[in-house]
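Only one structure is covered here, and it is reproduced in the block below.
All ligand and atom numbering here is 1-based and tracks the order in the structure.
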Amino acid sequence: MKYFILFGPPGAGKGTQATAMVEKYNLRHISTGALLRKEIAAGSELGLKAKALIDAGELVPDEIVEGMIESEFRTVKDVAGFLLDGFPRNTTQAEHLDAILAKTDDNVTSVVSIMIPDGTIKERIRHRAAIEGRADDASEETINNRIATYHDKTEPLVDYYKKSGKYNEVDGLGTIEEVRDKIFSLMDRF
Ligand code: ADP
C-alpha cells in the first residue's frame, strides 16, 4: 500500500487535485475535513463537538481524526494506496500516523505539498464560499484563524517531512491543469 499525504494551506486546491490523483493512481481519498462535515450533516455527537471548533477555525481533537484515519485504513482494501487530505495537521498527528503505519511495516510514501501565498488563500476561500457554501468559509474571522492555525500548528510539518526526505512541493499558483501535471510528474516517481 502507498500512503501519500496531500499537504498545503486551506484553499490551496487540495480537494480539486485529489480527485484527479485518486483516479490516476487508484487511491482512496481520505479527507478528514469532508469526513467531519459528514458527521456534522448527520447530526452525530461527534459532529456536534467538531462543529464549534471548525466554525472557530480551530483544529478538532487529535483522537477524533486519528480514529477516522485508522478505521479507513482497516476497512478499505481494494486500492493501490491512500491519499490523505487534511491529515496530519500537527506534529502529534504525524507521529501517530507513523505509529499506525509501523504496525503493518508500512510508512509514508511521499508528501505532495501545494503551496500558495496567504493573500491567495483568502481569494480562493472567498471564491469557494460562493460555490460550496461551507460554514467555515463564510466568516472573515474564521478564515483568519484558520490561516493562523495553519502557520502555527500545520506548517511545522514541512520540516518534519523534510527531515525524512519525504517532502515534495509544487507551486499552486498555475491553472488547475498546470498544477495537476506537476503533481502527476512528481507522483510518477513512486
Ligand atoms: P481546508 O483545506 O479548507 O482547511 P478541511 O476540509 O481540510 O479544510 O478542514 C476543515 C476543518 O476541519 C479544519 O479547519 C479543522 O477544523 C477540521 N479538521 C480537518 N482535518 C483535521 C485534522 N487532521 N485535525 C484537526 N482538525 C481537522
Side-chain angles (χ1 to χ4, degrees), residues 3-19 21-22 28-42 44-73 82-101 108 111-158 160-161 170 172 176 179 183:
Y3 296 89
F4 289 100
I5 294 171
L6 186 54
F7 187 84
K14 298 189 294 290
T16 306
Q17 297 299 341
T19 310
M21 294 161 83
V22 295
R28 168 71 166 219
H29 180 204
I30 310 181
S31 159
T32 42
L35 290 172
L36 290 166
R37 283 188 288 279
K38 217 190 267 175
E39 293 288 336
I40 294 172
S44 71
E45 200 180 313
L46 191 158
L48 229 60
K49 200 161 145 191
K51 186 175 172 19
L53 291 161
I54 292 175
D55 288 351
E58 304 288 338
L59 298 183
V60 307
D62 294 335
E63 315 79 72
I64 291 184
V65 283
E66 287 164 357
M68 289 175 153
I69 292 284
E70 205 165 358
S71 92
E72 292 275 321
F73 286 171
F82 294 89
L83 181 65
L84 303 180
D85 166 2
F87 181 92
R89 235 178 173 94
N90 60 31
T91 314
T92 313
Q93 292 178 13
E95 287 166 354
H96 191 87
L97 174 62
D98 288 341
I100 296 174
L101 296 180
V108 170
V111 177
V112 179
S113 172
I114 309 177
M115 276 301 156
I116 55 168
D118 279 5
T120 311
I121 297 178
K122 290 200 177 185
E123 246 170 63
R124 296 260 185 102
I125 291 181
R126 265 188 226 115
H127 176 71
R128 180 170 71 190
I131 299 168
E132 293 182 13
R134 266 172 58 173
D136 61 340
D137 283 346
S139 124
E140 186 77 17
E141 201 186 329
T142 302
I143 295 170
N144 286 337
N145 203 32
R146 279 160 66 200
I147 295 173
T149 303
Y150 168 75
H151 286 304
D152 192 32
K153 309 254 168 68
T154 309
E155 211 169 28
L157 290 179
V158 171
Y160 183 91
Y161 287 113
V170 301
I176 290 176
V179 177
I183 292 174

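- Under the 30°/60° scheme for interplanar angles, the aromatic rings of Y3 and F82 are found to lie parallel.
- Remark: R37 engages no residue in a side-chain hydrogen bond (donor to acceptor under 3.5 Å, both in side chains) (not counting sequence neighbours).
- A salt bridge does not link R124 to D137: none of the charged nitrogens lies less than 4.0 Å from a carboxylate oxygen.
- Using a heavy-atom distance under 4.0 Å as the criterion, the protein contacts of ligand 1 are P10, K14, T32, G33, L36, R37, I54, E58, L59, V60, V65, G86, F87, R89, Q93, R128, R134, D136, R146.
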If you look only at distance, which donor and acceptor atoms sit under 3.5 Å apart when one is on a side chain in residues 55-62 and the other is two or more places apart or in another chain?
from	atom 1	to	atom 2	distance (Å)
D55	OD2	K51	NZ	2.5
E58	OE2	N145	ND2	2.9
D62	OD1	N90	ND2	3.0
D62	OD1	Q93	NE2	2.9

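- Other residues, nucleotides and ligands contribute more than 12 heavy atoms inside 6.0 Å of the NE2 atom of H151.
- Residue pairs that meet the salt bridge (Lys or Arg N to Asp or Glu O under 4.0 Å) test with at least one member in residues 85-99, sequence neighbours left out, do not exist here.
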